[in-house]
Every structure is written in C-alpha cells, then in structure tokens.
Chemist: 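The structure under discussion is supplied below as structure tokens; questions concerning it will follow.
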Amino acid sequence: MSAYTRLSRRDFLAGAGTLVALSSARALAAQSPAMTRRTRLVMLATGGGPRPRKGRGNTAHALVNDNVLYLIDCGSGVARQLVSADIALPALRHVFITHHHSDHNLDYGNVIMQAWASGLRTRVDAWGPPPLEKMTRLYFEMNAYDIDTRIADEGRVPLVPLVHVHELTQPGAVMQDERVKVGAALVDHPPVSPAFAFRFDCPDRSIVFSGDTNKSDNLIRLARGADLLVHEALWVAAVDRLVARVPNAATLKKHIIDSHTSVEDAGRVAAAAGVKTLVLSHLVPADDPTVTDQMWIDAARAHFGGEIVVARDGMEL
Ligand SMILES: [Zn+2]
C-alpha cells in the first residue's frame, strides 16, 4: 500500500463539513484538557531569500501544543533550529509547506530524516502544493542507502511508511485534530503557484502565516480577527543594495517587488484583518544593518495600531 495519499476535492469538502460541526476553538478546547494548554510559537528562522547568512536563517516556524510539533516551512537548518529551541525532533507530527521556493522547503526531507535519526517512530503528515508527493518519493530514493542501512544496522523502524503526503491545490479546510484546526488561503506570489497562507486555530489563540505573497485580499479574509499574523515584510528602499550583493540574478529586483509585500502594506493588511498582533518575519533584506528593528516597526506602525513584533531567530511568542 502506498504511503502517499492525494487529498481530493471531496476530502476538502468533507473536512469543511467537519469544521462546521466544530466551529470554534473554544468548542475544541472543551473536548480535551490538552486543548487548554498554551500553544508555543517559535520563530525558528526569520530571513527571506535562499542565500545562507550569518544572521537570520531561511524561513521556518514551529507550533507546539501538548508536546506535538507542527512545522510551518522548512528552510535550510530547520532541524538545528528546533534543537536550539529545545524542541524534541521526534515530536514532529505535521509539516506544512506554504510554497516551493527553496528558502521554504530546502530541508523538508532533511528534517523528517533527522527526526527519524533522533528517534521518531510515529506517523508524520506533510501538507503542501504539488509536487510534494514526488519530492518526498525522490528524497527517500536519494537517501535509500542510509535509510536501509540504519534499519538493518540500528534496528530502526522503516521511515518511508511513516510519512503521508497530502498535496494541496485548493484553499479551504486543510486538517483538524484534537489540538488545532488548519485552514489555507491562496496568496499571490508569482510565478509560484499555488502558494498558500495558513491559519492555525489553537485552543488558546489563532495564528496566521502569510507565506510569501504580495498584498493579498485572500490573506486579509483568512486572518480576520486572528490573535497573531506572521507576515512577510519587504524594505523596498533596500532592494537595490540587496540585488547588488547577489550576482547572476538579472531579474531579481523585479521578482522581489512583484511577489512580496512592503512593510507598509503588511501594516495595512494587519489593520484590514483586525488582528491583535503583527509579527514581521521573512524579512527582506535579512542582512542589511542599516534597516533597524525600529525602522521596521515605525513603517508598519503608520498603518496599524496593534502590537508589532520584529521577529528574530529563536524568538518565542
Ligand atoms: Zn517565495
């Protein structure tokens, strides 16, 4: 039997029907004492773009509730960032990929394999756009020698049957368990399509991740009334300096401007959605010391009256 499953439109609709029956996080919380525990949000890595840097890492975020780990994006180094945050790798249960740019997915296979090497022996569900299924299959094929060796030599459980892939092609309900309800919206990140934002309704609060997008009305609808909106942010005036540091990328400036959200617009999105807190993450540029935290905050503050946080790697919110 294949370890991989494709989530059909019917599955989405069935999921949506389930969600109607359990319409609020509070209703969920009433079902289980575990649901009342605080949900940890750890900003594992907060820089935008695929280059490795001394400072901010490539994008990754963790939600932990009741010692169960939900990982949102898997930029390079995510497993080490988890260890640095004292999050046990075998707690990995769900992986969500917003879109297939390498600064969001480069360590997708690696973090699962490193969790397995650290003792994982239970199911992992992975959610994201196509070709996630093919990527997963090829990753395991590429690493079959090591996987098979460790099974035979170290007595580990087979890894491949643990991983169940669900390709997302439509917005709407994604999944729900006894701790969290997850929904997705399509965002606009040309030329990458589909690209998703995710909303996590946890028992104690709601958290939305923008993924990569330009200013998005779909995201505003998804984030309506959320406690936290983790939004990507671009400092437009620094783009020329950024592009000058990256050789061999003639049209990079156009991509950055067309496909991302200025910090001012991130403030506007937060205000339009009525969120309590705006968390600026996936910062572009991620390594320009002339753009200070206070500059990021002031630019968003001009358009948003709620709390504003400039994320740093390892920050817990
Ligand atoms: Zn992207």
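Counting starts at 1 for both ligands and their atoms, following the listed order.
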Chemist: Checking side-chain polar atoms at under 3.5 Å, does His260 have a donor or acceptor matched by the opposite partner on His282?
Modeler: no
Chemist: Which atoms of the protein, restricted to N, O or S, are nearer than 2.8 Å to the Zn ion (ligand 1)?
Modeler: His99 NE2, His101 ND1, His189 NE2, Asp212 OD2
Chemist: Can you name the one residue among Leu89, Val95, Leu82, Leu63 that meets side-chain contact (heavy atoms from CB on, under 4.5 Å) with Leu69?
Modeler: Leu82
Chemist: For a quick check under 3.5 Å, do Thr213 and Asp188 share a side-chain donor-acceptor pair by atom type?
Modeler: no
Chemist: Is Asp287 paired with Arg245 through a side-chain N to carboxylate O contact shorter than 4.0 Å?
Modeler: yes
Chemist: Check the side chains of Thr39 and Asn65 for a donor-acceptor pair under 3.5 angstrom, ignoring hydrogens and angles.
Modeler: yes
Chemist: With the side chain counted from C-beta on, respond yes when Lys276 and Arg205 share a heavy-atom pair under 4.5 Å apart, and no when they do not.
Modeler: no
